[in-house]
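Only one structure is covered here, and it is reproduced in the block below.
One-based numbering, in listed order, for ligands and for the atoms of each. The figures here come from the full heavy-atom set of this structure, side chains too, leaving out hydrogens, waters and symmetry mates.
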Amino acid sequence: MKGIEIHGYAIVSDDDRIADESGAMPDLLRNDADWAYFQAELDLAALVVLGRLGHEANANPKKRARLVLSSSVPRLERREDGWWWNPATVSWEDAVRTVLPEGGRIAVPGGRRVFDLFLGIGYDAFHLTRAEGVHIPRGVALFSACDEGETAEEVLTKSGLTIGPRQVIDRNGPVSLTIWRRSAAAP
Ligand SMILES: NC(=O)c1ccc[n+]([C@@H]2O[C@H](COP(=O)([O-])OP(=O)(O)OC[C@H]3O[C@@H](n4cnc5c(N)ncnc54)[C@H](OP(=O)(O)O)[C@@H]3O)[C@@H](O)[C@H]2O)c1
């Protein structure tokens, strides 16, 4: 969409999990270097799009503009804590035109259903941090396709993104960051 740039952000284990079996984010996926990078990136965004649970779990001291996905709202509504959006009844195009009429950069920090939805809408970039050496059996997958046997890399490639260089952001682990970007040829 013209004037809109969509960036996804996730930290995953080697087996492409964003949370453990209970749905909670384990300490093994919490990393100071990743958090600092993520916060600096959020500062660049005009809007943060996230699931209701992530919204409720993470206070918003910087009062960043948020668009919260939830099936509990009939359509799209403005509340004191941000915009709330039901994607089943209002299209992304209509939602973003209302919330961000001037366009801008959008950060998408998940969780899984939100990551899945934006695969269909189209990421311009996906910032994939990996806690190398960590495995979370039966954990929550980054994308639902990862539960069907696809790797995050395969899903991102299929969605038209191209892998960038692996950067080590914390030698403990190590923890690495790879930024995937839309290829010039991709729609
Ligand atoms: N490692 C990472 O990078 C990363 C990233 C994100 C989250 N996490 C972790 O992953 C765990 C799981 O997060 P989560 O998926 O449970 O939380 P979430 O995505 O923040 O919230 C899920 C809720 O968002 C709403 N939602 C999401 N997609 C929707 C859609 N397409 N249509 C309508 N509503 C939608 C629903 O709210 P309603 O129930 O109101 O309908 C759903 O119950 C948490 O522990 C979180 O910390 C990790």
Run the numbers for me: atoms of ligand 1, each under 4.0 Å from some heavy atom of R112, listed by number. 15 (O)
Nearest protein heavy atom with distance in Å, relative to atom 48 (C) of ligand 1: I18 O, 3.2 Å
Would S70 count as being in polar contact with ligand 1, using the rule that some N or O on each side must be under 3.5 angstrom apart? yes
Atom 42 (C) of ligand 1: the protein heavy-atom neighbour that sits closest, reported with distance to 0.1 Å: R113 NH1, 3.7 Å
Tell me if the CG atom of D32 is crowded by more than 12 foreign heavy atoms within 6.0 Å. no
Of all the non-hydrogen atoms in the protein, which one sits nearest to atom 41 (O) of ligand 1, and at what distance? S71 OG, 2.4 Å
Is the shortest N/O to N/O distance between I11 and ligand 1 below 3.5 Å? yes
Ligand 1 N/O within reach of A10 N/O, cut-off under 3.5 Å: no
Give yes or no for whether the N/O distance cutoff of 3.5 Å, strictly under, is met between L29 and ligand 1. no
Do the side chains of D81 and R66 get nearer than 4.5 Å, heavy atoms only? no
Stepwise salt bridge (charged side-chain N to carboxylate O under 4.0 Å, His left out) check, D34 with R130: CA-CA 9 Å; D34 174 62; R130 194 174 291 282; over 6 Å; no
Among all residues two or more places apart in sequence or in another chain, which pass the side chain to side chain contact (heavy atoms under 4.5 Å, CB included) test with P74? E77
Residues N31 and V175: closest non-hydrogen pair is ND2-CG2, 3.6 Å
For atom 25 (C) of ligand 1, what is the closest protein heavy atom, and at what distance to 0.1 Å? L69 O, 3.1 Å
Report, in ascending order of atom number, the atoms of ligand 1 lying under 4.0 Å from any heavy atom of P87. 30 (C), 31 (N), 32 (N), 33 (C)
Among all protein heavy atoms, pick out the one at the shortest distance from atom 16 (O) of ligand 1; state its residue, atom name and that distance to 0.1 Å. L53 CD1, 3.3 Å
Which of the listed options, G139, P109, P26, holds the heavy atom that is closest to atom 6 (C) of ligand 1? P109
Taking NZ, NE, NH1 and NH2 as the nitrogens, is one of them in R105 or D124 under 4.0 Å from a carboxylate oxygen of the other? no
Check: E56 and S70 side chains under 4.5 Å, non-hydrogen atoms: no
Pick from A24, G23, S22: the one approaching atom 11 (C) of ligand 1 most closely through a non-hydrogen atom: G23
Determine the interplanar angle of the Y123 and F118 rings, folded into 0 to 90°, and report it as parallel if under 30°, tilted if 30 to 60°, perpendicular if over 60°. tilted
Give me the nearest non-hydrogen protein atom to atom 10 (O) of ligand 1 as residue plus atom name, then the distance to 0.1 Å. A19 CB, 3.6 Å
Whether Y9 and H7 hold their rings parallel, tilted or perpendicular, with breakpoints at 30° and 60°: parallel
Would you say that more than 12 heavy atoms from the other residues, nucleotides or ligands in this model lie under 6.0 Å from the CZ of R171, or not? no
Checking the N or O distance criterion of under 3.5 Å, is ligand 1 in contact with G111? yes
Ligand 1 to M25, heavy atom cutoff 4.0 Å, flagged ligand atoms 1 (N), 45 (O), 47 (O), 48 (C)
Please evaluate residues R182 and E5 with respect to the criterion salt bridge (charged side-chain N to carboxylate O under 4.0 Å, His left out), reporting the C-alpha separation (whole Å), side-chain torsions for both, the decisive distance (0.1 Å), and the verdict. CA-CA 10 Å; R182 183 150 299 280; E5 218 183 275; over 6 Å; no
Less than 4.0 angstrom from a charged side-chain N to a carboxylate O is my criterion; do R113 and D116 meet it? no
Heavy-atom protein contact below 4.0 Å for atom 46 (C) of ligand 1: no
Tell me whether N86 has any N or O atom under 3.5 angstrom from an N or O of ligand 1. no
For atom 20 (O) of ligand 1, what is the closest protein heavy atom, and at what distance to 0.1 Å? G54 N, 2.7 Å
From atom 43 (O) of ligand 1, work out which of R52, E56, H127 has a heavy atom at the shortest distance. R52
Of all the non-hydrogen atoms in the protein, which one sits nearest to atom 27 (C) of ligand 1, and at what distance? V114 CG2, 3.8 Å
Decide whether F115 and L67 are clustered together by the hydrophobic rule: side chain heavy atoms of Ile, Leu, Val, Met, Phe, Trp, Tyr closer than 4.5 Å, transitively. yes
